[in-house]
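All chains are named by letter (A, B, ...) in the order of the sequence lines, taking the proteins before the strands, and each is independently numbered beginning at 1. For clarity, every value in this text was computed on a predicted model and none was experimentally measured.
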Amino acid sequence: MVEVRILRENTPKAITALEKRGIETAEQMIREVIELDDQRKELQSKTDALLQKVNEQSRAIGDLYKQGMTSEANEAKELVRQWKVDITAFQEEMDAVMSNLEHALLAMPNLPHDSVPAGQDESDNEVVELHDHFGTDSEDWYKPHWELMEKYDIVDLALGAKITGSGFPVYKGQGARLQRGLIQFFLNEAVSAGCLEVIPPYVVNADSARGTGQLPDKDGQMYYVQKDDLYLIPTSEVPLTNMFRNEILEAAKLPFKLTAYSPCFRREAGSYGADVKGLNRLHQFDKVEMVVISHPENSYEMLDWMVNHTKKLLEKLELPYRVVRLCGGDLGFTSALTYDFEVYSVAQKRWLEVSSVSNFETYQSNRMKMRYRNDEGKTELVHTLNGSVLALPRIMAAILEKNQTKTQIDLPEVIKPYVGFDCIK
RNA sequence: GGUGAGGUGGGUGAGUGGCUUAAACCAUCAGUUUGCUAAACUGACGUACCGCAAGGUACCGAGGGUUCGAAUCCCUCCCUCACCGCCA
């Protein structure tokens, strides 16, 4: 959630930022939060003052009893009882204000970074880089990846549907080996770049889901295990970032750079149409993720570092791609700045999102109370970032389509040692 | 799933209703002393909120309750450990 401090310190700027998301009531939302916070402060002062009197009086009562002054003690007790009625009333009021404040803050998305363009939806996103030197030309005979999957019998959606349901693919033979090789490749690259490799739990509790912002706003998107009150992770961002929930980190040890492979589970309720064909959208998919816990001062340098890392991966895989800066309307709820990476699908003739690299600034760390100690010994919130490096299905789709010949699929050089063969046939 | 024992600051650990404002020790930091290191001594040493400040309030796994007053008594839940059962 947004820090109230930021809203107070530069209210006009915060309003402008929030309006970039297309929220017309931005000013009203922000004023309401500040107003509630004022109320909270006032109630806190009043309650504390009264509690102080009760504490002092209670100690006095103890002394009176020791001196055997029972009747005086009983009179004093009556006084305390009356104060406690007031305290209870204040506390109820306080609970109500806190609850309203919490709701107002949970309903408020992160403030977009200065560089984020205003806009409604993905058509307003800004293409900041285009790298098509690996070719975006298509031949008439090119088959889309779902036909190639069937032709070479490497990914079987129908079989997955039989075992589980639609959107749960079965990778077979060279398909399975390519998938495994890509995961290994992505992990190795992340580790070489200085990340700590982690194997996290694939199921998390509600506190963790709340910490990274999946709850309450993406409740319906996650698979939920009712009996144990646990959620299947939609991305390993959730367990990785929550490793540091409620921790105070040493400034000298920042940044923490983590990477993990995990399957990702998404219900994707409500999605339909051509977008979901083949590997384009699945309920279970594989992804290698990178999470960075950064000092606030250099979080945007870390963001650039992650962007560059992702670019290198796509270069090595010899895929045409572009980098897109999301506009306010398309920006994720918790993000301040997001770059999407899209690879070109030569058979589908469209761009497919394969990575999303974001800086959340203090939005997640505020919710999670993730702090570091500054030079003066005070605690401050860290910045959190994450990015996909990379999501597997669409990468596989793009590789299959781009490298197809009439008789086989050649693999990019870099991946050959990882899979142990040169082509799929 | 069953039985039992537990959960107190960075760590160990005392604390069965008011002398706890959470002792003591260890660790850490600063200072003194000192060829260096070490030792010794002195001091500092949790988090959050309110307050310009002085200061105040809350927190002893979590949430309720009893009481003038709760780390301490009561209730519910969570977690950890041990053993048993099941099991890759």
Side-chain angles (χ1 to χ4, degrees), chain A residues 1-9 33-102 104-105 199-211 215 224-231 239 242-254 256 263 293 362 364-382:
Chain A
M1 50 183 76
V2 177
E3 292 175 82
V4 179
R5 182 181 61 80
I6 293 174
L7 300 179
R8 281 182 182 282
E9 278 172 7
V33 164
I34 294 175
E35 167 64 21
L36 284 167
D37 196 49
D38 285 339
Q39 289 178 30
R40 177 190 66 83
K41 286 183 179 191
E42 195 191 331
L43 282 166
Q44 171 103 42
S45 292
K46 284 179 168 176
T47 311
D48 283 358
L50 216 44
L51 278 168
Q52 183 182 2
K53 285 168 77 174
V54 169
N55 286 341
E56 283 166 1
Q57 192 71 0
S58 294
R59 265 174 246 137
I61 290 168
D63 291 339
L64 288 175
Y65 271 122
K66 262 172 243 156
Q67 291 164 35
M69 300 162 80
T70 315
S71 60
E72 287 86 342
N74 286 336
E75 276 172 42
K77 275 193 200 179
E78 189 49 41
L79 201 56
V80 175
R81 272 195 207 101
Q82 285 165 24
W83 289 337
K84 291 206 67 174
V85 174
D86 291 338
I87 289 175
T88 306
F90 279 144
Q91 279 173 342
E92 276 168 12
E93 209 179 327
M94 182 82 154
D95 287 347
V97 169
M98 292 286 276
S99 162
N100 289 339
L101 181 59
E102 172 109 357
L105 283 171
I199 301 179
Y202 300 149
V203 181
V204 296
N205 59 31
D207 283 342
S208 294
R210 208 169 292 118
L215 289 179
Y224 175 58
V225 183
Q226 195 166 19
K227 190 158 186 172
D228 297 296
D229 194 22
L230 296 171
Y231 297 84
N242 274 283
M243 284 167 63
F244 303 97
R245 169 154 49 88
N246 253 311
E247 297 287 338
I248 299 174
L249 308 165
E250 285 177 50
K253 288 190 178 171
L254 296 174
F256 284 100
I293 311 296
T362 57
Q364 291 182 328
S365 61
N366 188 32
R367 226 183 251 204
M368 282 196 249
K369 302 294 166 236
M370 191 194 298
R371 294 150 294 170
Y372 73 99
R373 204 176 292 284
N374 68 18
D375 295 339
E376 286 139 33
K378 301 277 185 194
T379 59
E380 287 180 30
L381 296 172
V382 297

Quick check on RNA chain B: between Asp37(A) and Val80(A), whose nearest nucleotide comes earlier from the 5' end?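 It is Asp37(A) whose nearest nucleotide is closer to the 5' end.
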Position toward the 5' end of RNA chain B (nearest nucleotide), Glu380(A) or Gln57(A):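 Nearest-nucleotide comparison on RNA chain B picks Glu380(A).
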Letter per nucleotide, 5' to 3', of nucleotides 56-64 of chain B [B base touched, S only sugar-phosphate touched, - untouched; heavy atoms, 4.0 Å]: BSS------
Please list each protein N or O that sits under 3.5 Å from an N or O in nucleotides 27-30 of chain B, with the distance.
none

How about CE on Met243(A), more than 12 heavy atoms from neighbouring residues, nucleotides or ligands closer than 6.0 Å, or not?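 Yes.
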Is the CD atom of Glu78(A) crowded by more than 12 outside heavy atoms at less than 6.0 Å?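 Count over threshold, so yes.
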Identified pairing partner of [N], criterion: Watson-Crick or G-U wobble below 3.5 Å:
N	answer
U66(B)	none
G46(B)	C59(B)
G1(B)	C84(B)
A71(B)	none
A53(B)	none
C41(B)	G31(B)
G10(B)	C26(B)

Sort me out a list of protein N/O and nucleotides 8-12 of chain B N/O pairs below 3.5 Å, or just none if empty.
none

When you compare [N] with [M], how far apart are their [atom1] atoms, in angstrom units rounded to a whole number?
N	M	atom1	result
A5(B)	C19(B)	P	30 Å
G51(B)	C68(B)	C1'	28 Å
U12(B)	G1(B)	P	29 Å
G35(B)	A23(B)	P	37 Å
C86(B)	A70(B)	P	48 Å
A40(B)	G55(B)	C1'	37 Å

Is there a donor-acceptor pair under 3.5 Å between the side chain of Ser365(A) and the backbone N or O of Val382(A)?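 A pair under 3.5 Å: yes.
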Distance-only, no hydrogens or angles: does the Arg40(A) side chain make a donor-acceptor pair with backbone N or O of Met98(A) under 3.5 Å?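 Pair absent, no side-chain N/O of Arg40(A) close to backbone of Met98(A).
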Could you tell me the separation between the [atom1] atom of [X] and the [atom2] atom of [N], rounded to a whole number of Å?
X	N	atom1	atom2	answer
Asp63(A)	C19(B)	CG	P	10 Å
Glu78(A)	G69(B)	CD	C1'	15 Å
Ile61(A)	U67(B)	CD1	P	14 Å
Ile87(A)	C68(B)	CD1	P	13 Å

Quick one: closest heavy-atom pair of Val54(A) and Val80(A), and the distance?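 In terms of heavy atoms, the two residues are closest at CG1-CG1, 3.9 Å.
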Under 3.5 Å, which N/O atoms of the protein pair with N/O atoms of nucleotides 51-54 of chain B?
none

For Gln52(A), give me all partners under side chain to side chain donor-acceptor pair (under 3.5 Å), at least two apart in sequence or on another chain.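 Partners of Gln52(A) by the side chain to side chain donor-acceptor pair (under 3.5 Å) criterion, ordered by chain and then number, come out as Glu56(A).
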Please write out each protein N/O paired with an N/O of nucleotides 44-46 of chain B under 3.5 Å, distance rounded to 0.1 Å.
none

